[in-house]
There are 2 protein chains.
Amino acid sequence: MNRELLILGLLRGWDTHGYQLVDFLEKRLAYLVDLKKPTTYALLERLRRDGHVTMTVEREGNRPERRVYQVTSEGEAYFFRLLRENLRSFARPRFPNAIGIYFIQALPSEEAEALLNERLSALEEELQEFEPKVPAHAGLAAEPVLQHYVVHLQAERTWLTSLLRTLVEAHRQRSLPTEAAE
Amino acid sequence: MNRELLILGLLRGWDTHGYQLVDFLEKRLAYLVDLKKPTTYALLERLRRDGHVTMTVEREGNRPERRVYQVTSEGEAYFFRLLRENLRSFARPRFPNAIGIYFIQALPSEEAEALLNERLSALEEELQEFEPKVPAHAGLAAEPVLQHYVVHLQAERTWLTSLLRTLVEAHRQRSLPTEAAE
DNA sequence: GGGCGCATGTAATGAGTTACATGATTGA
DNA sequence: TCAATCATGTAACTCATTACATGCGCCC
């Protein structure tokens, strides 16, 4: 549903073909969606079948043909329906990475710390890629989606470093000489 | 994979049956995962088939039988493998709600504002449910997963209200008397 | 007696992934 | 000449959802 919204939205005012679309999704929107190649092609075909887009075949010289898609007026209406629904609703975000945190006490805090430090590194890398793209106080100039992503990455970093501090304290306390029995 | 981690982790030290597990997932972990009933049952069966858990049948009086699961030592090992992997890695979080934001300019800013205000209300409700469960500076006492969720809800609220401000400014400017041609 | 809670699923369907297939052109 | 890029997919599979099925006990 949201994937349809995305593709339809991209196709509005950008008549393009599957290959180019896949390329764009992988190179520019990887932070937003993870759409595999066959899924994208299948989605285009489904949109066509349902009358939301039409398809015309192009070819340049002897290169493979291109199936170029255009949004129909039904597709236009459908797009706005999906868009309004998407903007209106709040859907719980899902953090698959959070599930491990639920069981963090199953590991000795030293190991947990080491593992989460690895995670932190990866997160910092991600931030280095995306933070520069969103100058602070950019208003609507910088795309708000990017801003949204960066804001959450930063929240994640804050939370993660604070959790790491707690863990370090946990094993620092344990390693103190025990004067009284527990 | 992460769902297996979750179920296996819950089953460690809590021998329980499908019905009770489903109940717990729905009532207490709805913010963390969305696991439907048949999926959960199927997952339990798969874990059993793969030797990660064993199953024993119980029954009280004339009530329907209960299939109670216990984690095996292979399951134990598998759990730790999954847990380490989950803690170590950073996976991009996905925000299906963000896709609409990408196309926000397709709507007049007044309408976008109205829609996003609806979203904000839903978000505030969610916060009212979860914020009280996580007193600030709770360390490892409050479950860190809950803390994680709340942190992101708060980040979302901050971002959303700032976006709304920008939108309001956008149409306030437009409604000013135009002195010069554009 | 009617509905909810307990306790288990199955069957049909849909959505998405992985691996594979094809064949031309372009650049090193 | 070899690999990468352009451009399209299909087939087999897994994973998950929705809707349906069953039957007892308990409470109003």
Side-chain angles (χ1 to χ4, degrees), chain A residues 1-8 10-11 14-30 32-50 52-69 82 91-92 94 96 99, chain B residues 1-8 10-11 14-30 32-50 52-69 82 91-92 94 96 99:
Chain A
M1 203 106 286
N2 286 319
R3 297 172 156 198
E4 288 190 5
L5 170 61
L6 182 64
I7 290 189
L8 223 39
L10 290 173
L11 251 37
W14 184 37
D15 290 1
T16 191
H17 56 282
Y19 189 86
Q20 206 171 13
L21 192 60
V22 167
D23 192 61
F24 184 76
L25 291 171
E26 278 172 3
K27 294 197 176 131
R28 314 290 288 272
L29 297 185
L32 186 61
V33 278
D34 182 23
L35 257 174
K36 307 293 185 210
K37 213 188 338 155
T39 311
T40 309
Y41 277 109
L43 228 39
L44 284 170
E45 173 52 24
R46 202 173 92 200
L47 286 170
R48 194 198 57 75
R49 195 198 60 203
D50 296 348
H52 300 308
V53 301
T54 55
M55 193 254 292
T56 52
V57 176
E58 266 183 21
R59 104 178 304 148
E60 277 176 24
N62 209 6
R63 318 195 111 278
E65 64 170 30
R66 296 173 171 176
R67 311 192 160 184
V68 176
Y69 295 88
L82 292 177
R92 287 184 169 142
R94 298 290 168 189
I99 291 178
Chain B
M1 205 105 284
N2 287 317
R3 296 171 156 199
E4 288 191 5
L5 170 62
L6 182 64
I7 290 191
L8 224 39
L10 291 174
L11 252 36
W14 184 37
D15 290 1
T16 191
H17 56 282
Y19 190 85
Q20 206 171 13
L21 192 60
V22 166
D23 191 62
F24 184 76
L25 291 170
E26 278 172 3
K27 294 197 177 132
R28 314 290 289 272
L29 298 185
L32 185 61
V33 278
D34 184 23
L35 256 175
K36 308 294 185 213
K37 210 186 343 153
T39 311
T40 309
Y41 279 109
L43 228 40
L44 283 170
E45 172 53 24
R46 202 174 91 201
L47 286 170
R48 195 197 56 75
R49 196 197 60 203
D50 296 348
H52 300 308
V53 300
T54 54
M55 192 253 292
T56 51
V57 176
E58 266 183 21
R59 105 178 303 150
E60 277 175 25
N62 209 6
R63 316 193 115 279
E65 63 169 29
R66 295 173 172 176
R67 311 193 160 183
V68 177
Y69 296 88
L82 292 178
R92 285 184 169 142
R94 298 292 168 187
I99 291 177

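Below, read A as the first sequence line, B as the second, and so on, with proteins coming before strands; counting in each chain starts at 1. Computed from a predicted model, the values in this text were never measured in an experiment.
- Set against D:dG23, C:dT8, D:dT18, the side chain of B:P64 has D:dG23 as its closest nucleotide.
- For A:Y19, counting side-chain heavy atoms from C-beta on, the closest listed nucleotide (D:dG9, D:dT5, C:dG9) is D:dT5.
- Nucleic acid contact for A:D23: none, since no nucleic acid atom lies under 4.0 Å from a heavy atom of the residue.
- Backbone-only contact: B:R46 has heavy atoms under 4.0 Å from sugar-phosphate atoms and none from a base.
- Here the side chain of B:P38 is nearest to one of D:dT10, D:dT18, D:dA7, namely D:dT18.
- The residue A:E65 sits close only to the backbone: its heavy atoms come under 4.0 Å of sugar-phosphate atoms, none of a base.
- As judged by a 4.0 angstrom heavy-atom cut-off over every strand, B:R59 is placed among residues making no nucleic acid contact.
- Among the protein residues, A:Q20 comes within range of no part of the nucleic acid, since none of its heavy atoms lies under 4.0 Å from any strand.
- Here the rule is side chain to side chain contact (heavy atoms under 4.5 Å, CB included) with A:V68, and of A:T54, A:T56, A:V53 only A:T56 fits it.
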Short N/O separations, protein against nucleotides 25-28 of chain C, under 3.5 angstrom:
unit_1, atom_1, unit_2, atom_2, d
C:dT25, OP1, A:N62, ND2, 3.1

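- Distance from the side chain of A:R66 is smallest for D:dT8 among the nucleotides C:dA7, D:dT8, D:dA19.
- Proximity of a side-chain donor or acceptor of A:T39 to a complementary backbone N or O of A:L35 within less than 3.5 Å is not detected.
- Closest contact between the side chain of A:R67 and the listed nucleotides D:dG9, C:dT17, C:dA7 involves D:dG9.
- Surrounding CZ of B:R28 are at most 12 heavy atoms belonging to other residues, nucleotides or ligands under 6.0 Å away.
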